[in-house]
**Student:** 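The structure is given below, and queries will be raised subsequently.
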Amino acid sequence: MYPKTLNNLIESLKILPGVGQKTAERYALSILDNDMEDVAQFAKSLIDVKDSIRTCTICHNLTDQEVCNVCSDKSRDHNTICVVSSAKEAFSIERMNEYNGVYHVLNGLISTQKGILPEDLTLESLLNRINDQTREVILALNATVEGEMTTLYIAKKLDGKVKTTRLAFGLPIGGHLDYADDMTLQKAFEGRNDIES
Ligand SMILES: [Zn+2]
């Protein structure tokens, strides 16, 4: 039986995805092995991230400012908008170092199964961002049923308003964008297609 404080830490660690009792125990004991200074820094990072991270008022990506680095970067092409379902995917694309446009994070995908409706996403704010200057909207959503449903829904909304493309799936069907390796993602980007709607 662990002492109460250690047990509290084990319980806290179990809120993380993929961390069960065994792993939580291992993590908790390894935290005990670290210097006080490192542990204090670790605790501070946890609080800081929760305290300071919010969503960009323009693109809804994660940021510690009002407007994210990408949206406030004048050297980027603000007339090309890449639509992704979550911040994690925007970071995957950013890591390629190839894309110079801006993003729009939907915060999910339309799902009849999970009861996620178009109005639960940041779609209205996407539609409000699009104007005469907008050159292209790239729909970079997962090759899953939900990704497909969302892609078609948005393509229909944007039909006649702006050139809308989707990634060429090189990505395997059923594939999640954030699991694609950089090369596959880059190919999918280069070979993007117009959407017929
Ligand atoms: Zn932004």
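Counting starts at 1 for both ligands and their atoms, following the listed order. No hydrogens, no waters, no symmetry mates; every other heavy atom, side chains included, goes into these values.
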**Student:** Tell me how many protein N, O or S atoms are within a distance shorter than 2.8 Å of the Zn ion (ligand 1).
**Tutor:**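 Protein heteroatoms (N, O, S) closer than 2.8 Å to the Zn ion (ligand 1) number 4.
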
**Student:** Report the residues that fulfil side chain to side chain donor-acceptor pair (under 3.5 Å) with Asp120, sequence neighbours left out, ordered by chain and then residue number.
**Tutor:**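 With neighbours one apart ignored, the set is empty.
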
**Student:** Between Gln21 and Glu25, does any side-chain donor sit less than 3.5 Å from a side-chain acceptor?
**Tutor:**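 Side chains of Gln21 and Glu25: pair found under 3.5 Å.
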
**Student:** Salt bridge (charged side-chain N to carboxylate O under 4.0 Å, His left out), that's the test. Do Glu124 and Lys157 meet it? Break it down for me.
**Tutor:** CA-CA 10 Å; Glu124 201 175 308; Lys157 285 271 177 200; over 6 Å; no

**Student:** Does the pair Lys4/Glu11 count as a salt bridge with the N-to-O cut at 4.0 Å?
**Tutor:**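 So Lys4 does not pair with Glu11 through a salt bridge.
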
**Student:** Please determine whether the number of non-hydrogen atoms from other residues, nucleotides or ligands lying under 6.0 Å from atom CG of Leu32 exceeds 12.
**Tutor:**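 Yes - once you tally the heavy atoms of other residues, nucleotides and ligands closer than 6.0 Å, there are more than 12.
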
**Student:** Return the OH to CG distance between Tyr103 and Leu126, rounded to the nearest 0.5 Å.
**Tutor:**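 The CG atom of Leu126 is 15.0 Å from OH of Tyr103, to the nearest 0.5 Å.
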
